[in-house]
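Structure first, commentary second.
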Amino acid sequence: MPTPDSATLALRNGIIRTLDPTMPVATALAIRGETIVAVGSDPDIAPWIGATTQIIDLAGACVIPGINDAHLHLALFAESRMPSRLNLHDATSITEIRAALSRALEGADDAWLVGGSWHEKRISEFADSARMPHWRDLEIDGSSVPVVLHHDSLHSVWANRAALEIAGIDRGTPDPVGGRIVRDDSGDPTGWLLESAGALVTRNIPQTDRHRRLDAIADAMVCLNTQGITSITDPVVWPELLRDYVELRRQGRATVRISTLLHWDWPSTSSSDATLAQALEFSGATTGLGDDWVRIGGIKLFADGVPSARTACMHHPYPDGETGDLVVAGTDFDTRRSELTKMVTRAHRHRLNVQIHVTGDKAADAAIDAIAAAQETDPWPDARHALIHATVLSSDAPRRLQEHHIAVVTQSLFKYHSGPGMVPALGRARWNDTFPVRRLLDAGVTVADSSDAPCVEPDWKLGMATFTGGADHELARLTEHQTLTPQEALEAWTVTGAVLEHTEDRKGTIAPGRLADVIVVDSDPLTQPATQLPRMRTLMTVLGGEIVHDEFTHADG
């Protein structure tokens, strides 16, 4: 008979990178139930081995903490993987897009056709000219089906005439707060809708049946497990989506831990203090509400848009002379900045961490000012507010972020993928200094890394490679003074995500008492050449002591 204290699972004969400074390296660990109970060598775990303990011989493979993607849109990632969703990531011309639409429309009746992942810099007709997306490009003979194609940044949509008509968008429709209806020289809408203008169309798309939606999210979680992802922060969670996540937790189908950032205005990126006040009056939300599987991490606010669409709010103008602006409610920059401060202060007073989307340096400075003002009027020592992206930062921003204890959630994968779309907007010099993670860490700023899937695939290994100098193309290559050490890069995908969730006492490192969220990879990420990191394979994912992904053949017990 096994003793009551016997481990349910043991991993031995490997390299265990704990990321725990008290014992950085081990060769064996034991798990009982959901919790790690012993870490060290074979003698250290021997007292925990019983007759029913499953023993995994690692055969020299490496164990690291489960990956915590600090910014991943789980439901949107799930939607992007559904068979009905048209993926245009590989489309290189309008001809290819139209052919894909024609195939998708075969047999379609009156349902909407929704797709995504297109980018103007990959479309030959747009890449080297002033030509813009137009609704005529999406017209297929004989079809009246409304078509909506999400940009791969998720900050604009391309709609056909039927979709515009359903939304009631014509030359007399004013631009919504925080958005722009792109128009031709005669003032007619082109079908390209930036920022909150996209919501004028997307709010009309019929919702997916809930059972299919839950199945898709559960399937997406399994996909993430194969990558070694055990925890995420979903940065845009509206009330219905929160109910979906709670339902999956109740059904026992969750295989990823979810920290949620609430956002009541989606699919619009524009928010107002009045909306937030009403939402918080009735929600009762506060950071930390929930359990180890689904919890409220805080709220998400959008301060600006994205550089590739010239909607990021910048101190210095784009080549066309525009500087972008804040996307919150207000009539000019000063009133919008004041509105942002009001919203941050309100959430802060409700003890909700705030994470703010900023990609332009002027927006980042406004967000730092807002968080600093909230802390000054109402000190909250354990606040863990953060900027999301921080793509372009002013020279003094790292110092001010550290001074006000503001973290940053970066996207190494954007540094890898986004150069072709960003360089025309920012210029090469500004692009080279985007995502200045080395400067942030040197200034003492807390930095977590993330994918922002489905904007890109959630490949943390490629992210590590990029920030450690191993990118394989020029626009993503960092100079020596910009790179991170492998330890810093891995901690940004594990330790720091837990810190931002206030769960560093439960996960992010491998130590007795921590949740048993660990993964096995076929090589040591701290000793691999940076160029080899993308080739690592995730052999096993253990979540709460349960094996949720397994490619191992070395089990002997």
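The model shown is predicted, which means the values in this text are computed figures rather than measured ones. Values below: every heavy atom of this structure, side chains too, minus hydrogens, waters and symmetry copies.
- Side-chain atoms of T8 come within 3.5 Å of backbone atoms of I31 as a donor-acceptor pair (strictly under, hydrogens ignored).
- Between E240 and R210, none of the side-chain N atoms (NZ, or NE/NH1/NH2) sits under 4.0 Å from a carboxylate O, so this pair counts as no salt bridge.
- Between E403 and R400, no side-chain nitrogen of the basic residue sits less than 4.0 Å from a carboxylate oxygen of the acidic one, so the salt-bridge criterion is not met.
- Residues passing the salt bridge (Lys or Arg N to Asp or Glu O under 4.0 Å) test with D382 are R384, sequence neighbours excluded.
- Here D219 pairs with R81 under the salt bridge (Lys or Arg N to Asp or Glu O under 4.0 Å) rule; sequence neighbours left out.
- For E546, the side chain to side chain contact (heavy atoms under 4.5 Å, CB included) test picks out no residue, with sequence neighbours left out.
- Results of the side chain to side chain donor-acceptor pair (under 3.5 Å) test with D517 over R257, K507, R506 single out R257 as the only residue that passes.
- Partners of H357 by ring-ring contact (aromatic ring centres under 6.0 Å, His included), not counting sequence neighbours, listed by chain and number: H155, F302, H389.
- With respect to H119, the ring-ring contact (aromatic ring centres under 6.0 Å, His included) criterion is satisfied by exactly one of H150, H89, H151: H151.
- Between R537 and E551 there is a salt bridge, since a side-chain N of the basic residue sits under 4.0 Å from a carboxylate O of the acidic one.
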- Apply side chain to side chain contact (heavy atoms under 4.5 Å, CB included) to L261 and V237, showing your working. CA-CA 6 Å; L261 298 182; V237 176; 5.9 Å; no
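- Remark: H417 pairs with no residue by the ring-ring contact (aromatic ring centres under 6.0 Å, His included) rule, at least two apart or across chains.
- Of the inter-residue distances, the one linking K300 atom NZ with L352 atom CG reads 15.0 Å to the nearest 0.5 angstrom.
- T466 places no side-chain N or O within donor-acceptor distance of the main-chain N or O of A471, the cut-off being under 3.5 Å.
- The neighbour count for Q207 CD, taken as heavy atoms of other residues, nucleotides or ligands under 6.0 Å away, does not exceed 12.
- Every residue meeting the side chain to side chain contact (heavy atoms under 4.5 Å, CB included) condition with A303, not counting sequence neighbours, appears here in chain and number order: L326, L340, I356, V358, A363.
- With hydrogens and angles ignored, the 3.5 Å screen pairs a side-chain donor or acceptor of E488 with a backbone N or O of T485.
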- Message: Pair L462, E457 - check side chain to side chain contact (heavy atoms under 4.5 Å, CB included), show working.
- Response: CA-CA 10 Å; L462 180 59; E457 288 297 310; over 6 Å; no
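- Counted within 6.0 Å of NE2 on H211, heavy atoms from surrounding residues, nucleotides or ligands total 12 or fewer; the atom is thus considered open.
- Taking the six-membered ring for Trp and the full ring otherwise, H385 and W380 have centroids separated by under 6.0 Å.
- Within the structure, no pair that satisfies the ring-ring contact (aromatic ring centres under 6.0 Å, His included) test touches residues 22-52, not counting sequence neighbours.
- Residues passing the side chain to side chain contact (heavy atoms under 4.5 Å, CB included) test with L289 are T286, I296, sequence neighbours excluded.
- Shown are T18, D20, L11; of these, the side-chain contact (heavy atoms from CB on, under 4.5 Å) with I510 is made only by T18.
- The residues D292 and R249 are annotated as not salt-bridged, no charged nitrogen and carboxylate oxygen being separated by less than 4.0 angstrom.
- Scanning for side chain to side chain contact (heavy atoms under 4.5 Å, CB included) contacts around R477 gives E474, with sequence neighbours left out.
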- Run the side chain to side chain contact (heavy atoms under 4.5 Å, CB included) check on R12 and L58 step by step: do they pass? CA-CA 6 Å; R12 57 174 298 278; L58 296 168; 5.9 Å; no
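- Between the side chains of S394 and D396, not a single donor N or O lies within less than 3.5 Å of an accepting N or O.
- Applying the ring-ring contact (aromatic ring centres under 6.0 Å, His included) criterion to H481, with sequence neighbours excluded, gives no partner residue.
- The side-chain hydrogen bond (donor to acceptor under 3.5 Å, both in side chains) contacts involving residues 443-456 comprise D69-S451, H71-D452, H73-D452, T410-D449, Q411-S450, S412-D449, D449-W493, where partners must be two or more places apart or lie in separate chains.
- F435 meets the ring-ring contact (aromatic ring centres under 6.0 Å, His included) test with no other residue; sequence neighbours excluded.
- For D522 and R535, the salt-bridge test fails: no basic side-chain N is under 4.0 Å from an acidic carboxylate O.
- No hydrogens or angles considered: a donor-acceptor pair under 3.5 Å links the side chains of Y245 and D234.
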- Step by step, work out the side chain to side chain contact (heavy atoms under 4.5 Å, CB included) result for I36 and V518. CA-CA 10 Å; I36 297 169; V518 300; 4.3 Å; yes
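- The pair D378-R349 does not meet the salt-bridge criterion, since no charged nitrogen lies less than 4.0 angstrom from a carboxylate oxygen.
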